[in-house]
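Heads up: numbering here begins at 1 and tracks the sequence.
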Amino acid sequence: MGNSRESEGGPDRVPRLVTKFVDPKAEFLFVPRERVLDVAKEQGAIPYDSPGAELFHYKEGGDERCSFDAIIKKYKLTDPALLDMAEIVRSADAAPRTPRSEGAGLEAMALGFRANAKDDFENMRLQFPAYDALYAYCRLKVEGKAKLEHPTR
């Protein structure tokens with residue numbers, strides 16, 4: 001369960017992470033941030049990306065981590081490409097000391113998808129292929145088969 005688009009944010013990366021690597025049959029509810037914990041308790045849902053939720057931003061080694069990181073940690077996901085992707089997501093979603101250049105583009109895409117989608121579920125549907133492509137790039141990168149031609153200078 002995450003925030004609705006009426007609150008700050010809306011579904012971005014987390015639903016794809018969950019459906020691809022944790023539970024392909026996961027269902028998502030989106031409610032205003034101030035209702036996430038209450039509705040999760042009422043529905044028996046797992047809250048994320050909301051203050052007070054286990055799966056929320058946290059600090060590790062003096063660096064800010066995001067909900068995407070919290071899910072990777074909780075479910076002990078170790079895929080090297082996914083961990084590389086997490087660095088990019090963290091750069092779009094938090095304030096790491098060493099941001100990845102790809103993070104700014106990811107944040108811009110997420111804002112554009114939110115603006116174009118009529119609701120949270122359409123937003124997810126539109127974004128899933130972009131996150132699949134980002135994961136494919138990360139897989140190629142960790143295999144030494146891809147690198148950015150024009151990284152931030």
With a 4.5 Å cut-off on side-chain heavy-atom distances among I, L, V, M, F, W and Y, is there a chain of contacts connecting Ile46 to Val18? yes
Are Val36 and Tyr58 connected, step by step, through hydrophobic side chains (Ile, Leu, Val, Met, Phe, Trp, Tyr) whose heavy atoms are closer than 4.5 Å? no
If you look at every heavy atom in Ser50 and Arg33, which pair is closest and at what distance? OG-O, 3.5 Å
Would you say that Leu148 contacts Ser101 through its side chain, given a criterion of any heavy-atom pair below 4.5 Å between the two side chains? yes
Would you say that Phe56 contacts Pro47 through its side chain, given a criterion of any heavy-atom pair below 4.5 Å between the two side chains? no
Does some side-chain heavy atom of Lys141 sit less than 4.5 Å from a side-chain heavy atom of Lys147? no
If I compare all heavy atoms of Arg13 with all of Asp93, which pair ends up nearest, and what's the gap? NH2-OD1, 3.2 Å
Report yes or no: do Ile88 and Leu140 belong to one cluster of Ile/Leu/Val/Met/Phe/Trp/Tyr joined by side chain heavy-atom distances under 4.5 Å? no
Heavy-atom distance under 4.5 Å between the side chains of Met85 and Asp79, does that happen here? no
When hydrophobic residues are tied together by side-chain contacts of less than 4.5 Å, even through go-betweens, does Tyr131 share a cluster with Leu77? yes
Aromatic contact, Phe121 with Phe28 (centres under 6.0 Å): no
Quick one: do Glu102 and Ser91 satisfy side-chain contact (heavy atoms from CB on, under 4.5 Å)? Show the steps, please. CA-CA 8 Å; Glu102 300 97 323; Ser91 297; over 6 Å; no
Please determine if Glu60 and Lys73 form a salt bridge, counting it only when a charged side-chain N lies under 4.0 Å from a carboxylate O. yes
Rounded to the nearest 0.5 Å, how far apart are NZ of Lys76 and OG1 of Thr78? 11.5 Å
N/O donor-acceptor pair under 3.5 Å between Glu64 side chain and Lys59 backbone: no
Does Leu134 belong to the same Ile/Leu/Val/Met/Phe/Trp/Tyr cluster as Val142, with side-chain heavy atoms less than 4.5 Å apart forming each link? no
Return the minimal non-hydrogen interatomic distance between Tyr135 and Ala81, and the atom names on each side. CE1-CB, 3.6 Å
If you define the side chain from C-beta out and look only at heavy atoms, does anything of Leu82 sit under 4.5 Å from Cys138? no
Side chains of Phe21 and Ile72, heavy atoms from C-beta outward: is any pair under 4.5 Å? no
Identify the two heavy atoms, one from Cys66 and one from Ala94, that lie closest to each other, and give their separation to 0.1 Å. CB-CB, 4.4 Å
For residues Val14 and Phe68, report the shortest heavy-atom separation together with the two atoms involved. CG2-N, 4.3 Å
So does Glu54 pair up with Lys74, basic N to acidic O under 4.0 Å? yes
So, are Asp84 and Arg100 salt-bridged, with charged N and O less than 4.0 Å apart? yes
Please round to the nearest 0.5 Å and tell me the distance separating atom CG of Leu55 and atom CG of Asp49. 9.5 Å
Value for CG (Leu126) from NZ (Lys118), rounded to nearest 0.5 Å, stands at 9.5 Å
Indicate yes or no: at least one non-hydrogen side-chain atom of Gln43 is less than 4.5 angstrom from one of Glu27. no
Let me confirm one number: the CG-OH distance from Leu17 to Tyr48, rounded to the nearest 0.5 Å. 10.0 Å
Determine which pairs satisfy salt bridge (Lys or Arg N to Asp or Glu O under 4.0 Å) with at least one residue from residues 123-134, sequence neighbours left out, and list them in order. Arg16-Asp132, Lys20-Asp132, Glu122-Arg125
Residues passing the side chain to side chain contact (heavy atoms under 4.5 Å, CB included) test with Lys25, sequence neighbours excluded, are Asp23
Shortest non-hydrogen pair, Gly103 vs Ala92, comes out as O-CB, 3.3 Å
